[in-house]
Amino acid sequence: MVSTDASAVAGRAAEEFIAEAQEILDDARRDLSALEDSFTQRRRGDPERVHSLFRLVHTLKGLAGTFGFDAVARVSHALEDALDRVRLDAALIDRLSQAVEHLGELLDRARAGAPDDGARTARIARELRGEPLAQAPAPIAVDPAVLAVLTEYEEHRLRVGVASGATLWRVRATAPIDSIDRVLEEVRGLARSVGEVITFVPGGLADDGASLELSVLVISTADEATLQSVFADASRSVERAQSDAPPAGEIVAVSVPPPFEAVPARALRSVRVDIGRLDGLLSQLGEFSLMKAALQRAAERARAGDARALHAELTRLQRDFSRNVDAMQRELLEARMVPLGQVFERVSSEVRKLSRKLSRAIRLVVTGADTAVDKLIVEELGAPLMHIVRNAIDHGIEPADVRAAREKAPEGTLAINAWQAGSRVVVEVEDDGAGVDPETVTRKAVALGVITEQASRSLDRRGAFDLLFRPGLTTRDEVSETSGRGVGLDVVRASLARLGGVVELTSEAGVFTKVTITLPITLAILSVLLVGVRGRRYALPMSAVSEALLVGRDAVQRLDGREVISREGRTLPLCRLDALFGHADLESSRAAERFYAVIIALGGHRAALAVDALVDPHDVVVKPLGRSLRHAHWFSGAADLGEQRAGLVLDVVALLDETLGRPAVQRQDAPP
Amino acid sequence: MSELALRRDRASQPDEGERYVVVRVGSQWCAAPVADVREIVKLPPVTEVPGAGDGVRGVVLIHGAVLTLLDPRPLLREPAEGDDARARALTVDHEGERLALRVDEVARIMLISHQCVEMAHELPHATGAHVVGVARAVAPSPDGFVVLLDVGALVRAVLGEPERFS
């Protein structure tokens with residue numbers, strides 16, 4: 001029996017492996033995508049991408065072996081073999097894509113604790129190994145210190161290079177520490193014109209104590225004179241790193257001083273943080289140390305009774321402290337940010353797969369992949385976005401014959417556009433397919449009992465499309481492998497609501513369908529407006545607040561039994577928070593002469609919240625509510641509002657649902 | 001600790017007892033096994049949570065974490081009102097979530113001998129799963145009578161979750 005501690009350690013190790021492997025796969029998808037583009041555009045693959053892909057797969061294989069994920073190791077190994085002898089063609093790129101996707105599925109299964117699909121793993125590995133393996137390695141004689149720092153793949157590149165008649169050279173460069181990256185790029189650039197960079201190795205400090213020595217290993221067929229003319233200058237030299245007469249069949253080590261230091265192995269991590277950013281944080285920490293000393297001085301002044309000097313010192317300290325805390329908060333927030341491109345790569349891979357499976361030509365256009373969003377949101381966005389994309393391809397983009405009959409281009413277009421809008425990010429998925437007819441949706445909803453016939457008559461276009469996000473509604477008569485079971489868009493909506501996001505659909509039958517997702521940029525720190533409700537304070541995310549007005553009792557009208565107010569020609573439903581939360585009965589709430597109406601807006605929906613008081617906005621660190629509060633669905637979290645008191649953060653999506661009379665989305669557990 | 005476990009303990013260690021935190025909930029003196037309590041803190045300011053359910057008093061900030069504060073008074077049929085001056089929060093872990101339990105007073109931590117314990121099934125009427133038994137001759141209860149609690153069952157009952165049988 002495994003002890004709890006051992007299980008916990010094994011569980012953490014598995015989690016670390018999965019997080020690491022997921023990042024490697026994201027990078028592999030990016031490389032495959034670029035490879036496919038280069039093949040499509042120039043009919044040849046980009047060797048740099050193949051190398052990068054090989055390195056990623058090689059790392060994954062090693063990690064999977066270490067952590068005991070045999071199926072992942074097996075597919076990675078087969079992929080590595082395939083890349084080893086790569087002759088790029090479209091069929092091979094397809095096979096590579098399938099293998100990378102299968103690795104993704106294996107990770108999902110590992111995460112869910114489900115068994116591997118052994119037969120599929122074996123088939124994919126067989127397909128990848130469909131061609132004979134590379135020939136026996138060419139013999140070379142190399143400095144043992146060089147060999148010690150080479151990875152298996154780099155050694156392989158070295159062998160291939162030597163077998164084709166090239167020689168290994170070492171370019172030594174010296175550069176000031178702060179410009180080492182630039183110098184390295186310079187040397188790499190020069191090396192590409194005469195051969196291939198195998199690796200680079202940092203050496204020790206140069207004699208001047210301020211510069212670093214750097215060795216770049218280059219394999220090249222050019223002669224020494226050419227290489228000297230390309231590389232050599234005051235800060236660089238070139239020397240041969242390989243002897244001429246190797247014994248056959250083996251790599252032989254020959255001594256060439258000085259020894260290299262090993263390049264550190266790729267570390268396990270969950271979020272990549274730029275070293276410059278960490279340096280920035282450390283430097284801010286240094287400022288805090290100075291403040292600690294200043295506090296000591298202030299304490300001494302207090303003891304000496306020097307009130308004026310103490311006041312000046314404390315004022316300065318408070319200002320410095322506030323500036324530093326703000327800067328640290330900004331830096332830490334940005335450290336959590338990753339580009340949306342990470343999730344778009346997965347989507348792009350899914351589009352390729354579905355395009356093949358359904359035999360539909362699809363052009364994927366992505367904009368805004370650089371838009372940075374909280375890592376947690378990017379992780380959680382994957383599943384709902386994938387669902388929307390599958391719907392767009394399966395329900396939206398028509399087969400070629402149907403498109404031809406409708407005089408549309410044979411190739412369907414799927415556009416994914418992302419951009420930042422204030423403190424929120426918008427992601428649009430638009431297809432030029434069959435579209436959705438609101439009347440068909442409404443008829444189907446009535447037939448399935450989702451709404452009554454009477455309710456359907458008062459639905460406008462937007463309300464009809466909104467029905468698609470109700471549980472159990474599908475406009476498809478048949479179920480396909482990809483979608484159409486009526487389980488999906490409601491889950492998409494719930495998943496996004498869990499992140500504080502909303503989703504909307506607009507469409508023109510026969511022309512297009514557009515799904516718009518609006519999400520906060522981060523879940524960690526929120527700008528909030530504190531509102532007072534019968535002596536209690538609640539935090540309202542500023543990103544959802546469009547304005548706040550002081551409203552008299554007479555400005556409230558009734559419409560169909562509900563209270564509304566008018567603003568700039570629009571009728572807005574009114575939600576009295578004191579009555580909703582049970583702090584007052586409705587009659588006493590209505591008796592108030594005046595109140596503040598805070599207008600909230602999300603994804604095109606607007607409503608007014610009636611509150612007693614407004615407090616200045618400020619930033620708070622939001623913490624999730626526990627599972628024990630899953631029934632308290634008006635709140636998305638809590639934050640420290642000072643004075644040791646927790647304040648509740650209002651869930652704007654839930655309040656909009658309540659005010660607009662929509663069925664509430666069931667709150668699930670907050671993401672970890 | 002469950003009744004079964006307590007009985008087993010009693011059988012194996014007839015002369016020893018178990019360490020309990022003795023607390024007051026309303027007018028009742030109760031005891032929770034020390035092993036089930038992570039920490040005892042002065043009750044911080046409480047923020048009520050609309051719609052959270054009867055047994056939930058609100059949320060509190062303890063060491064920067066937001067914890068749900070449970071009030072066992074309604075379950076123990078005590079009026080859910082009273083002075084917070086001596087009130088404390090006991091933090092406990094329940095199914096992966098750290099929670100706080102409000103009590104009106106914490107008296108002491110003490111060893112209660114198994115010899116003093118009357119098990120739940122020996123009591124004159126059936127009790128909820130949160131009552132393991134009662135102990136006698138325990139100070140500071142004026143009559144020495146203390147209710148021994150099963151913290152896990154108490155939390156489940158306060159949250160309205162179904163009882164578990166092991």
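The analysis underlying the following values was restricted to heavy atoms, covering all of them including side chains, and did not include hydrogens, waters or symmetry mates.
Per-residue counts of heavy-atom pairs under 4.5 Å with chain B were compared for Lys623(A), Gln644(A), Arg537(A); the largest is that of Gln644(A). If you tally non-hydrogen atom pairs under 4.5 Å between each of Pro45(B), Gly160(B), Gly51(B) and chain A, the highest count goes to Pro45(B). In terms of heavy-atom pairs under 4.5 angstrom with chain B, the leader among Gly582(A), Ser628(A), Ala638(A) is Ser628(A).
No part of Leu70(B) comes within reach of chain A, as not one of its non-hydrogen atoms sits under 4.5 angstrom from that chain. Proximity to chain B is limited to the side chain of Arg536(A), based on heavy atoms less than 4.5 angstrom apart. Residue contact with chain A, scored on non-hydrogen atoms closer than 4.5 Å, involves the backbone of Val46(B) exclusively. Only the side chain of Val56(B) comes within contact range of chain A, with at least one heavy atom under 4.5 Å from a heavy atom of that chain.
Looking at residues two or more places apart in sequence or on another chain, you find a side-chain contact (heavy atoms from CB on, under 4.5 Å) between Arg88(B) and Ile40(B), Lys42(B), Val103(B), Val106(B). Looking at residues two or more places apart in sequence or on another chain, you find a side-chain contact (heavy atoms from CB on, under 4.5 Å) between Leu295(A) and Leu317(A).
Pairing each heavy atom of Pro50(B) with each of Trp634(A), the nearest pair is O-CD1, 4.2 Å.
Atom CG of Asp54(B) is surrounded by 12 or fewer heavy atoms from other residues, nucleotides or ligands within 6.0 Å.
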